[in-house]
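Please read these numbers as outputs of a predicted model, since none were measured by experiment. Every chain is numbered from 1, with letters handed out A, B, ... down the list of sequences.
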Amino acid sequence: MLAPSLIRDHPERIRRALSRRHDPGPLDDLLTLDVSRRELLQESQTLRQERNTINEAVKTAGRPTGDQRQRMRALAERLREVETKLSETEGLFNDLLLRVPNIPHETVPEGRDAAENVEVRRWGQAPAISCAPRPHWELGVSLGIVDFDRGAKLAGSRFYVLKGLGARLQRALIAFFLDRHVEQQGYTEMGLPYLIRSAAMQGSGKLPKFADDSYYLEQDDLWLNPTAEVPLTDLHRDEILDGALLPLRYTAYCPSWRREAGAAGRDTRGLIRVHQFHKVEMYAFTRPEDSYDEFQRMVGHAEELLQALGLHYRVLRLCTGDLGFAATDTYDLEVWLPAAMEFREISSVSNCEDFQARRASIRFRRAPGERLEFVHTLNGSGLPIDRTIAAILENGQQPDGSIVLPKVLQPYMGTEIIAPEN
RNA sequence: GGAGGGGUCGCCUAGUUGGUCUAUGGCGCCGACCUGGAAAGUCGGUAUGCCCGUGAGGGCAUCGUGGGUUCGAAUCCCACCCCCUCCGCCA
């Protein structure tokens with residue numbers, strides 16, 4: 001959510017910024033509504049002021065005169081009218097306000113869509129595989145560690161079952177990622193509810209965005225997390241944080257559920273696009289002046305994991321047109337998948353500045369007695385388990401169908417290799 | 001699922017014969033005094049959001065949320081939300 005005062009005082013600046021996104025949003029309607037909103041507000045305040053004045057007089061006198069009684073009735077009636085209109089107007093205003101996307105950082109490259117994202121750097125190189133690389137779903141099935149048929153039997157398509165070293169690989173990656181974040185990067189590990197209330201979904205600003213794509217339990221009015229970003233944002237909703245404690249850095253393992261409503265026919269095979277995926281998330285609440293340093297650091301933390309796993313990847317900076325609704329700036333990491341001969345998204349790190357904080361009312365005080373300010377929030381995947389498993393299988397495959405595991409995982413796996421007999 | 005208790009200013013808390021209650025007191029915090037310095041003590045200050053105004057400043061709202069009664073509601077009525085305790089069930 002943008003600051004209403006910013007929209008009112010600098011409409012052209014906002015208009016220019018949003019046009020960079022190629023998404024004007026309901027800016028003009030918003031400005032019109034703001035004018036009538038303020039007119040109504042002023043009238044209601046004037047009416048109330050008169051009411052308060054009369055009230056004061058009645059208080060001193062002990063009882064109201066007939067004139068006062070009559071005037072108060074008239075005021076009350078008019079107030080009701082004005083305030084009904086006012087709350088309608090404010091309702092519309094707020095609704096529109098929540099639909100205005102965040103303003104891209106001025107350094108974000110101009111572009112219409114994903115095709116214009118900018119490659120920033122690459123790390124490593126594609127592994128030399130001395131056979132025709134097989135896709136991870138074939139490898140997983142023939143090794144007996146991934147079972148799509150039984151996943152479908154249990155829960156339908158886009159669900160899968162892991163077995164033996166496959167299940168252990170999932171557990172190993174969760175532990176490895178969390179250990180790195182906690183031991184080397186200073187994040188605090190969190191264990192979160194997987195179900196969350198509607199209020200929490202709204203507070204984090206995810207509800208409009210993910211409503212159709214999230215699973216909802218009507219009986220209990222609860223949602224399955226579409227991403228750990230939601231509960232992590234909501235952790236401090238309506239709170240005033242101690243400025244001395246910032247930044248707060250959290251990491252959490254949490255399954256993520258998505259209905260993939262608009263993705264029929266895309267990535268129907270394998271672990272790339274499933275309804276229940278698994279992810280270790282990074283999250284930070286910072287002071288405004290620190291968020292871009294934190295941002296670069298967080299991108300580095302995600303990269304460091306891929307480097308530790310020896311996976312070839314590239315870093316893209318999203319262009320203005322591909323930026324998510326809440327983000328001012330985003331880097332995507334894409335990992336190399338040999339079978340498809342392409343890079344696939346494996347992490348996305350965003351700075352949301354005060355967009356989410358404003359919406360969820362997360363503020364801080366620099367020192368006792370100072371004004372309240374909004375924090376900045378950042379989130380990043382570090383990393384998703386499922387896509388990482390896919391990358392490890394494909395990049396580590398040997399001609400005999402076995403998989404050589406990254407060294408860093410071997411202590412967690414108790415083996416250096418996943419061989420067919422598993 | 002059954003029964004009961006409760007939601008007030010950063011935190012704790014007073015306040016239900018409706019007006020002088022945005023609202024008590026304590027803690028915390030800020031300032032002054034005191035002190036060689038500090039602690040203690042004393043005194044004063046200390047909510048948030050919005051509107052009008054260049055500014056000084058003025059105004060409105062907020063006692064879980066929404067509605068109602070009334071000239072006037074933290075205080076009365078209705079609905080809803082949330083938290084806690086006990087019982088039941090249970091990993």
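- Listed by chain and number, the residues in a side chain to side chain donor-acceptor pair (under 3.5 Å) with Tyr160(A) are Asp386(A) (sequence neighbours excluded).
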May I have the list of side-chain donor-acceptor pairs in residues 101-108 of chain A shorter than 3.5 Å, sequence neighbours left out?
| unit_1 | atom_1 | unit_2 | atom_2 | d |
| --- | --- | --- | --- | --- |
| Asn102(A) | ND2 | Ala326(A) | O | 2.9 |
| Asn102(A) | ND2 | Cys352(A) | O | 3.2 |
| His105(A) | ND1 | Thr107(A) | N | 3.2 |
| His105(A) | ND1 | Thr107(A) | OG1 | 2.7 |
| Thr107(A) | OG1 | Arg317(A) | NH2 | 2.8 |

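- Partners of Thr330(A) according to the side chain to side chain donor-acceptor pair (under 3.5 Å) rule, which considers only residues two or more places apart in sequence or in another chain, are Ser350(A).
- With a heavy-atom cut-off of 4.0 Å to chain A, the contacted part of RNA chain B has its first and last nucleotide at G19(B) to C83(B).
- Of the C1' atoms belonging to C63(B) and C21(B), the separation is 9 Å, rounded to the nearest Å.
- Not a single donor-acceptor pair under 3.5 Å links the side chain of Asp221(A) to the backbone N or O of Ser198(A).
- Across the interface with RNA chain B, nearest-nucleotide mapping of Leu372(A) and Ser87(A) shows Leu372(A) to be the residue nearer the 5′ end.
- To the nearest whole angstrom, the two C1' atoms, one in G37(B) and one in C33(B), are 16 Å apart.
- Only the C1' atoms considered, G2(B) is 30 Å distant from U8(B), to the nearest whole Å.
- Nucleotides C11(B) and A47(B) are separated by 14 Å at their P atoms, to the nearest Å.
- For residues 32-61 of chain A, the set of pairs meeting the ring-ring contact (aromatic ring centres under 6.0 Å, His included) definition, not counting sequence neighbours, is empty.
- Residue-to-nucleotide proximity on RNA chain B shows that, of Arg197(A) and Asn55(A), the 5′-proximal contact is made by Asn55(A).
- Residues satisfying the salt bridge (charged side-chain N to carboxylate O under 4.0 Å, His left out) criterion with Glu12(A), sequence neighbours excluded, are Arg15(A).
- Annotation: side chain to side chain contact (heavy atoms under 4.5 Å, CB included) contacts of Ser19(A) (sequence neighbours excluded): none.
- Within 4.0 Å (heavy atoms only), Ile54(A) reaches no atom of the nucleic acid at all.
- For the contact set between residues 69-82 of chain A and RNA chain B, defined by any heavy atom under 4.0 Å, the members are Arg69(A), Met72(A), Arg73(A), Arg80(A).
- The gap from the C1' atom of C27(B) to that of C9(B) amounts to 14 Å, rounded to the nearest Å.
- Distance noted for atom C1' between C89(B) and A74(B): 39 Å (whole Å).
- C30(B) and A40(B) have their P atoms separated by 12 Å, with the value rounded to a whole Å.
- No side-chain heavy atom of Lys153(A) sits under 4.5 Å from any side-chain heavy atom of Asp149(A).
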Base-pair map of RNA chain B as dot-bracket, where | denotes pairing with a different strand and pairs are Watson-Crick or G-U under 3.5 Å: ((((((((.[[[..)...(.....]]]((((((.......))))))((((((....)))))).[[[[[..)....]]]]])))))))....

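- In terms of the side chain to side chain donor-acceptor pair (under 3.5 Å) criterion, residue partners of Arg297(A) (sequence neighbours excluded) are, by chain and number, Glu294(A).
- Take Val118(A) and apply the side chain to side chain contact (heavy atoms under 4.5 Å, CB included) test, not counting sequence neighbours, and it matches Pro109(A).
- The P atoms of G28(B) and A23(B) are separated by 24 Å, rounded to the nearest whole Å.
- Residues meeting the side chain to side chain donor-acceptor pair (under 3.5 Å) test with Arg71(A), sequence neighbours left out: Glu50(A).
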